[in-house]
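Everything on this sheet refers to the single structure shown next.
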Amino acid sequence: MSSLEVGVQARVVGALAFRALLIQTRKAQLLIPTFLLPMVLFAVVANGASAGSRLRGFPDIGSFVGFIIPGTLVQGTLLAGMTAGIALAGDIEGGFFDRLLTAPVRRVSLVLGRLVGTAVLAIVQASFFLLIAFIAGARYEGGVGGVLLTILLAAITAVGTGGLAAAIALRTGSLSLLQSLFPLVFVLLFTAPAFFPRDLLHPALRAVAEYNPLAYIVEGMRAALHADASLGSTTNGLLAAVALAIGATALSVLAIYRRTATL
Amino acid sequence: MQRSDDDHAIVVEGLVRTYPGGLTAVDGVDLAVAPGEIYGFLGPNGAGKTTTVRILTTLLRPTAGRALVAGHDVVGDAAGVRRSIGVALQEAALDPLMTGRELLALQGALHGLRRGEAQARGSELLGRVELDDAADRRLGTYSGGMRRRLDLALALVPRPRVLFLDEPTTGLDPASRAALWREVRRLNDDGTTVFLTTQYLEEAEQLADRVGIIARGKIVAEGTPDALKERLGEPTLHVDLCDDGRLEQARGLLERFGAVSDGRAGGLAVRTPDGARAIAPVVRALDDAGIDIETVEVEEPTLDDVFLAVTGQPTSSEDTADVPA
Amino acid sequence: MNQLATTAGIGVAMWRRSLLEVVRVRGALFPTILAPAIFMLGTVGQFGRLTNLTGFPTTSYLAWIVPLSCLQAAGFAGGAAGANLARDIEQGWFDRLLTSPVPRPVLLLGPILAAMTRALVPTTAVLALGIVLGAGLPGGIAGVLLLYIAALWFCICASLWGSLLALRSRTQQIGPLIQNGVFVVVFLSTAYTPQVLLHGWLGSLARINPVTQVLRMARQATVEGFPPSWHNTWPGLLALTGMTIVLGGLALRELRRIGR
């Protein structure tokens, strides 16, 4: 592509991302789950399971809420991704997608537009959650740098989950199918050390966590926020997130080409 | 002849429907449909057709006014209305996962038929709308015409006294449209009252005993198609001259009969309420001026003209397909 | 009597239609079983060590969680029925039902019956998985029966909740909100930890949350030292009755308001 075309496509991506965000903020029913649900779970776990921090084997950490907030952040990215998929499936079923296809827009840009919107949403979400946790007593020893790194991780992860959801939406074109398939991804969160350290996980789960990118991402966030390498490896987390994002984006681009090839 | 409410299939008085938000879709509609009549309900998009139909089929409540269908009040005795009507709505809302046969059986069950009865009725109707071959295929595989036909079959399951058809042939090819018209006429012969909303003036002309035109929420004209055309439409005289050079002179002479415009194939067209009666004077006028006439034709008004005169809008349908009567 | 027979016939017809959905949509059943199963495994895997805390009535976190997972699975099935209703409304299919002579409250029967039937599958699967993994059934047959009653009745409540939202919003995109509602109300209870270990606002909430009582009723199946008794059952029944009345009333009100 010439630089002129790149510029054009960049504007297109921006416009589509803007629309994605606009819709998100206008439909309360899309917004409430992405912000409220993780907070509720956070509150429940913080209250109900905080006694668990007294268990032997739990790392020495200032506050339980500081420990679990990365789990909430990743949960948030899953929900943000799912919302992107739902919005896309809604567009497909409603016919708006066809309108987009008849415009001189590159297929890739259609996908990227939605994913960029998801990333922006994740940034807002992550900032919100980190703030709430701070108010609830979390302390971020990693400082501003750690917080920014964590937010970046969240944004990249959201691109990954959004790409996955978009791929499902594009392949099936069905809102109801997406809504029933996606929870499977959601559930992967629980096979990651989201709220409890890896060592305290059930041995079987520990084995699964080895292969779960979300596990590395959560631990990476933890390490960045608390400047404590024993909690995890930020590098690994970044690698996992980027790999997830690239893989998922590729899947959704493939899906869109496959969908439009048969039209 | 004044009929009492009971004698009418549909009675509507002062019907008003205002949506929350302020939009008044129906603004005081009065109409009455006699039993066994086919009533055509015409209007441009957004005129209030669909809203009126939804009120009559108990899907919407009126803001004011009253309506009776088959003698039952749509608000006070909605259940009674639903027992007497068959409905084929615009969206042809069908479930893509079910087969035609299954859907008909379900509709039968909804109307209280036992399983055996429902299935028998379903088979009967499938034959009637010529969908036997596709009966056991899922609706997702049906073409547009097939879906409309099934929609009609579903509406007929309870042997309704009043049948509501909302734009039944929109989007259909001429052959399917003709088939549907045949079926509607047959139903009417059996005594079913039909309330038909349509954008196609030709459809109204072909099928309806009486036509009501709605615009901006009010009925602006009502009557038989012929009466409406006579009252509101103006015939046109088409004059072709032997010598086209004398066109402008002829134009000047004919202006006193009515509005003159360019006619087909280079002649002149004169809109005049006198119609055929104006032929003699027109011929004389041109003859006196020494202009030779090749042909003179009278073109009767169509509902198109009525529509335009009454709603101020041209017909909303682009294609008036040529359908064999 | 004839009216009853007609209503039964209609209910059955709509039930069959709702079930067709499950059977005919590719892979629809798969996630409804898999998700609760993985969730249960994950929860136990994550929080399993909590039983080491004093105050926990059982040493097996699995035994504690199995009834929760059953309830969640059943609740999800109920929510899905609401989401399907929302789709039917949005696509115009529900209009067809509205113009038929079926009394409107009966229109809700179809989705509810179907939800209950669909809930049976994941509930049973989760229970079976739990048993295979080592959870016992100290409550015996009575316990299991109570578990099923709790789960299926909760499913009805969830489908009433879903129907209520579906009728209000008239759009298929209300699906996530329905499911989130179910999720949240289940979590703000003794889901993860027993009442005695809860404190502060969560403790107070759990105390008044009807789901806490439902869980108590269901846990008689798997938690040892907790034999099935009327004492532990009637609060759950009361809670379920209360939820049904409230949610059912609201759903019927929405139904009556259609078209205004």
Side-chain angles (χ1 to χ4, degrees), chain A residues 27-30 32-34 36-37 40-41 43-52 54-58 71 79 82-83 86-87 89-90 93-94 172 174-197 200-206 208-209, chain C residues 21 25-32 34-50 52-55 61 76 80 83-84 87 90-91 165 169 171-181 183-184 187-194 197-203 205-206:
Chain A
K27 282 198 162 159
Q29 59 222 30
L30 287 180
I32 292 174
T34 45
L36 199 59
L37 195 66
V40 171
L41 193 59
V44 170
V45 173
N47 188 313
S50 63
R54 290 186 260 122
L55 289 173
R56 203 178 17 165
F58 208 95
L79 285 170
M82 164 125 150
T83 311
I86 290 183
E93 277 191 1
T172 65
S174 154
L175 192 59
S176 51
L177 215 55
L178 174 69
Q179 284 181 354
S180 58
L181 282 177
F182 202 76
L184 286 180
V185 180
F186 197 108
V187 145
L188 278 178
L189 179 66
F190 279 83
T191 58
F195 303 110
F196 262 62
L200 282 182
L201 289 183
H202 195 274
L205 227 55
R206 222 177 298 158
V208 174
Chain C
E21 238 151 53
V25 175
R26 274 194 338 255
L29 215 50
F30 185 60
T32 48
L34 212 57
I38 298 181
F39 189 78
M40 179 171 75
L41 293 173
T43 307
V44 173
Q46 289 251 350
F47 300 107
R49 302 296 173 91
L50 284 180
N52 290 341
L53 298 170
T54 44
Y61 201 63
F76 195 75
N84 285 339
R87 180 204 56 207
E90 186 174 345
Q91 293 183 344
L165 283 187
S169 71
T171 168
Q172 205 177 341
Q173 305 207 343
I174 199 79
L177 192 61
I178 296 176
Q179 297 297 15
N180 288 326
F183 222 60
V184 165
F187 270 120
L188 297 177
S189 70
T190 52
Y192 285 144
T193 34
L197 284 176
L198 292 173
H199 49 269
W201 61 272
L202 185 55
L205 255 180

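To find a chain, count down the sequence lines: A is the first, B the second, and so on, and within it residues start at 1.
Ranked by heavy-atom pairs shorter than 4.5 Å toward chain C, the options A:Ala209, A:Ala192, A:Ala89, A:Gly90 are led by A:Ala192.
Closest heavy-atom contact between C:Leu202 and A:Val44: CD2-O, 3.6 Å.
Heavy atoms of A:Ala194 lying under 4.5 Å from chain C belong to its backbone as well as its side chain. The part of C:Tyr192 that comes within reach of chain A is its side chain, from C-beta onward, which places non-hydrogen atoms under 4.5 angstrom from that chain. For A:Val208, no part sits under 4.5 Å from any heavy atom of chain C, backbone or side chain.
When the side-chain hydrogen bond (donor to acceptor under 3.5 Å, both in side chains) test is applied to A:Ser174, the partners found at least two apart in sequence or on another chain are A:Ser176. Legend: residues meeting side chain to side chain contact (heavy atoms under 4.5 Å, CB included) with A:Ala43, ordered by chain and number and at least two apart, are C:Trp201.
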